[in-house]
Student: 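Mind having a look at this structure? Questions to follow.
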Amino acid sequence: MHGVNVSQSSSSPADRRLSALVRHLEGHSMDSANHSIAAAPTSGSTGARISVFDHVVRAPEDPILGVILTHLPCSLCVRLSFLNFPVVVTVAYNKDPSPAKLNLGVGAYRTEEGKPLVLNVVRRAEQMLVNDSSRVKEYLPIVGLADFNKLSAKLILGADRLVYLHGTSPAIQENRVTTVQCLSGTGSLRVGAEFLARHYHQHTIYIPLPTWGNHTKVFGLAGLSVKTYRYYDPATRGLNFEGLLEDLRSAPSGAIVLLHACAHNPTGVDPTTHQWEQIRQLMRSKALLPFFDSAYQGFASGNLDADAESVRMFVRDGGECLVAQSFAKNMGLYGERVGALSIVCRTADVAGRVESQLKLVIRPMYSNPPIHGASIVSTILKDRTMFQEWTIELKAMADRIISMRQQLFDALRGRGTPGDWSHIIKQIGMFTFTGLNSEQVAFMRKEYHIYMTSDGRISMAGLSSRTVPHLADAIHAAVTRVA
Ligand code: KET
């Protein structure tokens with residue numbers, strides 16, 4: 001059926017391993033097909049092969065992960081996709097033979113050479129874990145690794161004075177924060193959402209317009225009713241602050257409000273400290289419940305404390321909130337799926353009861369979280385030197401992104417591209433919300449082999465000094481040739 005001789009085109013050990021995987025899957029998928037045919041009541045030895053899943057329609061690709069470039073060799077990706085193996089690549093991207101092709105779709109950091117990066121400090125932590133012969137692979141508790149939970153909460157909420165993580169968080173000192181290790185940022189959001197759907201009196205959550213595409217699905221599938229509040233003003237390419245306040249003012253008392261802690265995705269537009277303070281006052285006066293999504297701590301400014309300030313403002317006032325944290329971007333642990341959900345409560349007693357219910361959400365969902373990624377994070381956070389090494393590497397990633405902003409801005413100015421492109425240098429974090437429309441995005445994909453989400457979001461982390469001119473040429477052509 002597939003007739004693909006994968007071994008011929010594979011040369012490196014990684015390729016050979018993948019080839020073996022393909023052969024295994026081919027064999028396996030045929031075996032299982034034969035097996036189901038034999039068992040299916042509709043099939044005889046000569047009868048039509050009708051699957052009990054014949055009615056299943058093909059779902060569309062995920063708009064973000066659907067354009068991920070994995071480091072699989074192109075030829076193998078296409079072959080794996082023949083098998084419907086769920087590799088997260090678009091066949092379109094991988095089939096694109098152009099050497100100039102550029103993937104700016106997913107929010108994943110790349111080096112100046114366009115390669116995925118494993119931080120040195122992460123490699124060191126992994127080495128230490130490997131060398132530690134006392135380590136075992138037993139199940140973690142339902143709530144995950146205790147050290148990891150404690151340190152993650154300190155990282156986002158502020159630490160006590162005894163450790164090198166700066167600042168103080170009265171909530172932690174008073175034991176009224178419960179933190180559970182979850183499957184990265186997405187899993188933390190989902191566990192928080194399921195908890196709210198079961199135990200919180202208000203089932204409406206307000207999310208910014210626009211927001212990360214997965215928010216709607218995560219909250220909707222957890223049983224919450226999803227509404228939006230105005231956030232971005234296309235005319236100014238900045239925050240629609242009045243619209244935001246108006247919408248939150250007219251939200252029902254007690255409603256949940258999703259806030260991006262920093263580096264808003266996809267717009268790159270964050271409120272100023274003064275605006276955050278006004279948002280806080282309004283939300284507290286209406287008893288709106290803040291649910292922070294912190295996927296980019298350290299990536300916005302390069303400073304972990306500065307990027308946590310919005311969350312800390314809401315914790316300092318003594319009120320309650322939820323925070324979903326991801327270590328995918330700031331530690332480069334994308335595939336390790338390591339994150340945490342913290343719920344800041346009024347009292348230690350409430351926090352204890354909340355935690356007992358979080359366990360009931362987690363246990364039937366995935367039982368308990370994986371150990372490796374959380375061990376890496378806690379090894380780094382627990383050691384002063386490693387922590388400092390991490391902050392330096394993190395700052396270097398943030399700085400490279402900032403320099404890409406400047407280079408792209410200069411390149412467009414240099415070409416005299418019509419329009420005001422200052423938003424490229426004003427926006428914060430991994431993404432630039434370019435303002436390009438979906439036709440222009442399609443044009444750039446077809447003519448320049450540049451891949452991005454159809455809302456015109458580009459991941460600045462995927463750019464390099466070498467690729468900036470190509471992107472600037474493409475944007476220039478799109479703006480001048482496509483309305
Ligand atoms: N919140 C936001 C705002 C976010 O951008 C992402 C990921 C996540 C949560 C989830 O991250 P996790 O890997 O579960 O820790 N965003 C990038 C990747 C993706 O879509 O999954 C992105 O927008 O490209």
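On a predicted model such as this, the values are computed, not experimentally measured, just so you know. Ligands are counted one by one from 1 in listed order, and the atoms in each one are counted from 1 as well.
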Student: Hey, which atoms in ligand 1 end up nearer than 4.0 Å to a heavy atom of A328?
Tutor: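 Selected atoms, number and element: 13 (O), 15 (O).
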Student: Are any non-hydrogen side-chain atoms of Y139 and I371 less than 4.5 angstrom apart?
Tutor: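 No, their side chains stay 4.5 Å or more apart.
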Student: So, R110 and N103: side-chain donor and acceptor under 3.5 Å apart, yes or no?
Tutor: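 Judged by distance alone, the side chains do not pair up.
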Student: As an exercise, identify every atom of ligand 1 less than 4.0 angstrom from a heavy atom of R457.
Tutor: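 Under 4.0 Å from R457, ligand 1 has these atoms: 22 (C), 23 (O), 24 (O).
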Student: Identify which of T453, T186, L189, N265 has a heavy atom lying nearest to atom 10 (C) of ligand 1.
Tutor: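 Ranked by closest heavy atom to atom 10 (C) of ligand 1, first place is T186.
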Student: Check each heavy atom of Y296 against ligand 1 and say whether those closer than 4.0 Å belong to the side chain, the backbone, both or neither.
Tutor: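 The part of Y296 near ligand 1 is the side chain, not the backbone.
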Student: Which ligand 1 atoms does R337 reach within 4.0 Å, using its non-hydrogen atoms?
Tutor: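 In order of numbering, the contacting atoms are 12 (P), 13 (O), 14 (O).
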Student: Measure the shortest side-chain to side-chain distance between L289 and Q202 over non-hydrogen atoms and say whether it is less than 4.5 angstrom.
Tutor: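 No, their side chains stay 4.5 Å or more apart.
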Student: Provide, to 0.1 Å, the distance between atom 12 (P) of ligand 1 and the closest protein heavy atom, together with that atom's residue and name.
Tutor: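 The closest heavy atom on the protein side is S184 OG, 3.4 Å.
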Student: Which bit of Q325 gets closer than 4.0 Å to ligand 1, counting heavy atoms only: side chain, backbone, both or neither?
Tutor: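 Near ligand 1, Q325 shows nothing, with every heavy atom at 4.0 Å or more.
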Student: With heavy atoms of V106 as the reference, note each atom of ligand 1 found under 4.0 Å away.
Tutor: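 That gives atoms 24 (O) of ligand 1.
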Student: Atoms of ligand 1 less than 4.0 Å from G185 heavy atoms?
Tutor: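 That gives atoms 12 (P), 14 (O), 15 (O) of ligand 1.
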Student: Considering only heavy atoms, does D293 approach ligand 1 within less than 4.0 Å through its side chain, its backbone, both, or neither?
Tutor: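 Looking at D293 and ligand 1, just side chain atoms fall under 4.0 Å.
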Student: Ignoring hydrogens and angles, tell me if any N or O in the side chain of Q427 forms a donor-acceptor pair with the backbone of F433 under 3.5 Å.
Tutor: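 The answer is yes, because a donor-acceptor pair under 3.5 Å joins these two groups.
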Student: Could you tell me the residue and atom name of the protein heavy atom closest to atom 21 (O) of ligand 1, and the distance to it rounded to 0.1 Å?
Tutor: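 Answer for atom 21 (O) of ligand 1: W212 CZ2, 3.6 Å.
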Student: Between R316 and E309, does at least one N-O distance fall below 4.0 Å, as a salt bridge requires?
Tutor: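 Salt bridge flag = yes for E309 with R316.
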Student: Is any side-chain heavy atom of L360 less than 4.5 Å from a side-chain heavy atom of R198?
Tutor: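 Answer yes - side chains close enough.
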Student: If you count the atoms of ligand 1 from 1 in the order shown, which ones are under 4.0 Å from a heavy atom of S326?
Tutor: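 Heavy-atom distances to S326 below 4.0 Å select 12 (P), 15 (O).
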Student: Assess, by modelled atom type and distance only, whether the side chains of S422 and K426 contain a donor and an acceptor separated by less than 3.5 Å.
Tutor: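 S422 vs K426: donor-acceptor pair found between side chains.
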Student: Below 6.0 angstrom between ring centroids: does that apply to F327 and F148?
Tutor: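 Ring centres of F148 and F327 closer than 6.0 Å.
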Student: Please could you name the atoms of ligand 1 that G107 approaches to less than 4.0 Å, counting only its heavy atoms?
Tutor: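 The list of qualifying atoms is 22 (C), 24 (O).
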Student: Is the gap between the ring centers of H423 and W421 under 6.0 Å?
Tutor: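 Yes.
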Student: Which protein heavy atom lies closest to atom 17 (C) of ligand 1, and at what distance to 0.1 Å?
Tutor: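 Checked against all protein heavy atoms, atom 17 (C) of ligand 1 sits closest to K329 NZ, 3.0 Å.
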